[in-house]
Engineer: 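Mind having a look at this structure? Questions to follow.
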Amino acid sequence: MGILVISDIHANLSALEEVIADAGEIDAAWCLGDLVGYGPHPNECIALIQGLPGLKCLLGNHDAAVLERIDPLAFNHEARQAILWTQEVLTPDSLAFLVELPEKIVAGEVTLVHGSPRQPVWEYLLDVYAATRNFAHFDTPYCFIGHTHLPIIFQLGNGRAVASLNIPDYDQALSLVPRMMINPGSVGQPRDRNPQAAYALFDPESSRLEFRRVAYDIASVQQSMQAAGLPERHIQRLTMGY
Ligand code: ZN
């Protein structure tokens, strides 16, 4: 048992279902935002996430755009098309859930954000320099981030002025040490050239974390996206994982 850490589900129900099944019994779930956008099943994904035990869930930039807290014009053409489609199909229950989501959660040893501690909804942490500056913006030993769709660990410490970057191995637990930022990767729209859904399992008692990947029925999601008239580029990206 442990904590299921998921991010960037992007309305991909099949990927989310496989992740939840693969994780097995969990004590709690942390969802780092972007429940919607890109994929064909936003309401179903929100309902499933709402039912997870001990849920802590954040607002992502696509969620914020659907709520019109971010101008959809800030997104590229295809992402904007998906946001407008999502606005049309979201139920009042789904909207009511998204409206209440916070941008940052600090609980015990962890800070949770979608983008970065410095700009919780929007900043992409892709390099060690941006990551280094962000360590000044949270006080807890660990910070979980999403948004880039890349499983990654940034670590500050051991006398180094600049954070180091590690790409995780899969299905192998590692011990977290204080001052780390951890991205579990994306459930529903992976972008590290591995099309399998990405997530992490965290055991706060032992500070052990496992990055995992799981296969799902990509073709069926692509068919649903096609039927919904969602952008072709997002459909093709699922096959490539990029
Ligand atoms: Zn995302």
Side-chain angles (χ1 to χ4, degrees), residues 4-23 26 29-53 55-70 72 75-101 114 146-147 149 184-191 194-200 212-242:
L4 170 68
V5 188
I6 54 174
S7 190
D8 298 278
I9 296 86
H10 286 296
N12 186 333
L13 181 65
S14 173
L16 179 61
E17 286 175 337
E18 293 296 342
V19 160
I20 291 170
D22 190 66
I26 52 167
W30 297 343
C31 173
L32 308 174
D34 276 3
L35 288 72
V36 303
Y38 302 134
H41 296 119
N43 294 306
E44 294 85 345
C45 286
I46 290 171
L48 191 50
I49 288 166
Q50 261 184 293
L52 292 171
L55 178 68
K56 295 190 197 307
C57 187
L58 298 168
L59 184 81
N61 57 312
H62 288 255
D63 309 317
V66 165
L67 298 173
E68 297 189 335
R69 290 188 201 159
I70 294 178
F75 290 75
N76 68 46
H77 176 67
E78 285 128 332
R80 189 162 67 244
Q81 272 182 279
I83 286 162
L84 297 177
W85 177 86
T86 304
Q87 285 177 325
E88 280 171 32
V89 302
L90 272 193
T91 63
D93 280 355
S94 297
L95 271 174
F97 180 73
L98 293 184
V99 159
E100 297 297 329
L101 295 179
H114 178 64
H147 196 35
H149 299 208
S186 168
V187 170
Q189 185 79 226
R191 289 186 192 154
N194 177 347
Q196 297 192 331
Y199 74 101
R212 288 193 178 179
R213 301 306 281 251
V214 60
Y216 71 95
D217 188 349
I218 293 174
S220 80
V221 178
Q222 290 173 317
Q223 279 162 17
S224 300
M225 289 170 81
Q226 225 118 36
L230 286 160
E232 190 61 31
R233 196 166 77 95
H234 298 156
I235 297 172
Q236 296 310 326
R237 284 182 96 162
L238 291 179
T239 311
M240 300 177 287
Y242 184 68

Engineer: For His62 and Asp34, which heavy atoms make the closest approach, and how far apart are they?
Structural biologist: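 Shortest heavy-atom contact: N-OD1, 2.8 Å.
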Engineer: State the CG-CG distance between Leu98 and Leu35, to the nearest 0.5 angstrom.
Structural biologist: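 Leu98 CG to Leu35 CG: 6.5 Å, rounded to 0.5 Å.
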Engineer: Only counting residues at least two apart or in another chain, list the ones meeting side-chain contact (heavy atoms from CB on, under 4.5 Å) with Ala228.
Structural biologist: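 Partners of Ala228 by the side-chain contact (heavy atoms from CB on, under 4.5 Å) criterion, ordered by chain and then number, come out as Trp85, Leu230.
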Engineer: With sequence neighbours excluded, tell me which residues meet side chain to side chain donor-acceptor pair (under 3.5 Å) with Gln222.
Structural biologist: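 Gln222 satisfies side chain to side chain donor-acceptor pair (under 3.5 Å) with Thr239 only.
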Engineer: Output the distance between atom CG (Leu13) and atom CD (Glu18), rounded to the nearest 0.5 Å.
Structural biologist: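 Answer rounded to 0.5 Å: 10.0 Å.
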Engineer: Taking the side chain as C-beta and beyond, is there a heavy-atom pair between Val187 and Asn12 under 4.5 Å?
Structural biologist: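 Counting from C-beta outward, Val187 and Asn12 never come under 4.5 Å.
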Engineer: Could you tell me the separation between the CD1 atom of Ile70 and the CG atom of Leu59, rounded to the nearest 0.5 Å?
Structural biologist: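 Reported value, rounded in 0.5 Å steps: 7.5 Å.
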Engineer: Any side-chain to backbone donor/acceptor pair from Arg80 onto Phe75? Under 3.5 Å, distance only.
Structural biologist: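 Checked: pair present.
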Engineer: Of all heavy-atom pairs between Ile26 and Leu4, which one has the smallest distance, and what is that distance?
Structural biologist: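 Smallest heavy-atom distance, with atoms named: CD1-CB, 3.8 Å.
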Engineer: Just list the side-chain donor-acceptor pairs under 3.5 Å for residues 90-97, sequence neighbours left out, or say none.
Structural biologist:
unit_1 : atom_1 : unit_2 : atom_2 : d
Thr91  : OG1    : Asn43  : OD1    : 3.3
Thr91  : OG1    : Ser94  : N      : 3.1
Thr91  : OG1    : Ser94  : OG     : 3.0
Ser94  : OG     : Asn43  : OD1    : 2.5

Engineer: Do you know the tightest heavy-atom contact between Pro190 and Asn194?
Structural biologist: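 Heavy atoms of Pro190 and Asn194 come nearest at CB-O, 3.3 Å.
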Engineer: Partners of Arg212 by salt bridge (Lys or Arg N to Asp or Glu O under 4.0 Å), sequence neighbours excluded?
Structural biologist: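 Here the qualifying residues are Asp22, Glu210.
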Engineer: Enumerate the salt bridge (charged side-chain N to carboxylate O under 4.0 Å, His left out) contacts for residues 217-236, please, sequence neighbours excluded, ordered by first and then second residue.
Structural biologist: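 Counting only pairs at least two positions apart or across chains, the salt bridge (charged side-chain N to carboxylate O under 4.0 Å, His left out) contacts touching residues 217-236 are Glu78-Arg233.
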Engineer: Please identify each residue that fulfils side chain to side chain donor-acceptor pair (under 3.5 Å) with Gln196, with sequence neighbours left out.
Structural biologist: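 For Gln196 there are no side chain to side chain donor-acceptor pair (under 3.5 Å) partners, ignoring immediate neighbours.
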Engineer: Who passes side-chain contact (heavy atoms from CB on, under 4.5 Å) against His149, sequence neighbours left out?
Structural biologist: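 Counting only residues at least two positions away or on another chain, His149 forms a side-chain contact (heavy atoms from CB on, under 4.5 Å) with Asp8, His10, Tyr38, Ser186, Gln189, Arg191.
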Engineer: What's the spacing between Cys31 SG and Leu101 CG if we round to 0.5 Å?
Structural biologist: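 One gets 8.0 Å once the value is rounded to the nearest 0.5 Å.
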Engineer: Can you tell me how far apart CD1 (Ile218) and CE (Met225) are? Round to the nearest 0.5 Å.
Structural biologist: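 The CE atom of Met225 is 11.0 Å from CD1 of Ile218, to the nearest 0.5 Å.
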Engineer: Just do the side chain to side chain contact (heavy atoms under 4.5 Å, CB included) check on Arg69 and Val99 with the steps written out, would you?
Structural biologist: CA-CA 10 Å; Arg69 290 188 201 159; Val99 159; 4.0 Å; yes
Engineer: Which residues satisfy the side chain to side chain donor-acceptor pair (under 3.5 Å) test with Glu68, sequence neighbours excluded?
Structural biologist: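 Checked Glu68 against side chain to side chain donor-acceptor pair (under 3.5 Å); matches are Gln87.
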Engineer: Check side chain to side chain donor-acceptor pair (under 3.5 Å) between Asn61 and all other residues, then give those that pass, not counting sequence neighbours.
Structural biologist: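 Once residues adjacent in sequence are excluded, the partners of Asn61 under the side chain to side chain donor-acceptor pair (under 3.5 Å) criterion are His114, His147.
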Engineer: My understanding is that only residues two or more places apart in sequence, or in another chain, count here; which of them pass side-chain contact (heavy atoms from CB on, under 4.5 Å) with Ala11?
Structural biologist: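 For Ala11, the residues satisfying side-chain contact (heavy atoms from CB on, under 4.5 Å) (neighbours in sequence not counted) are Pro42.
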Engineer: Locate the shortest heavy-atom distance separating Gln50 from Leu55; write the atom from each residue and the value.
Structural biologist: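 Smallest interatomic distance, heavy atoms only, reads CA-CD2, 4.1 Å.
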Engineer: Hey, are the side chains of Ile6 and Ile20 touching, using non-hydrogen atoms and a 4.5 Å cut-off?
Structural biologist: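 They are not in side-chain contact.
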Engineer: Measuring only between side-chain heavy atoms, which start at C-beta, is Val221 closer than 4.5 Å to Pro40?
Structural biologist: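 A side-chain contact exists here, since the closest heavy-atom pair is under 4.5 Å.
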Engineer: So which heavy atom on Pro184 is nearest to which on Ala198, and how close?
Structural biologist: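 Minimum heavy-atom contact is O-CB, 3.5 Å.
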Engineer: Would you give the length of the straight line joining atom CG of Leu48 to atom CD of Glu17, rounded to the nearest 0.5 angstrom?
Structural biologist: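 Reported value, rounded in 0.5 Å steps: 6.5 Å.
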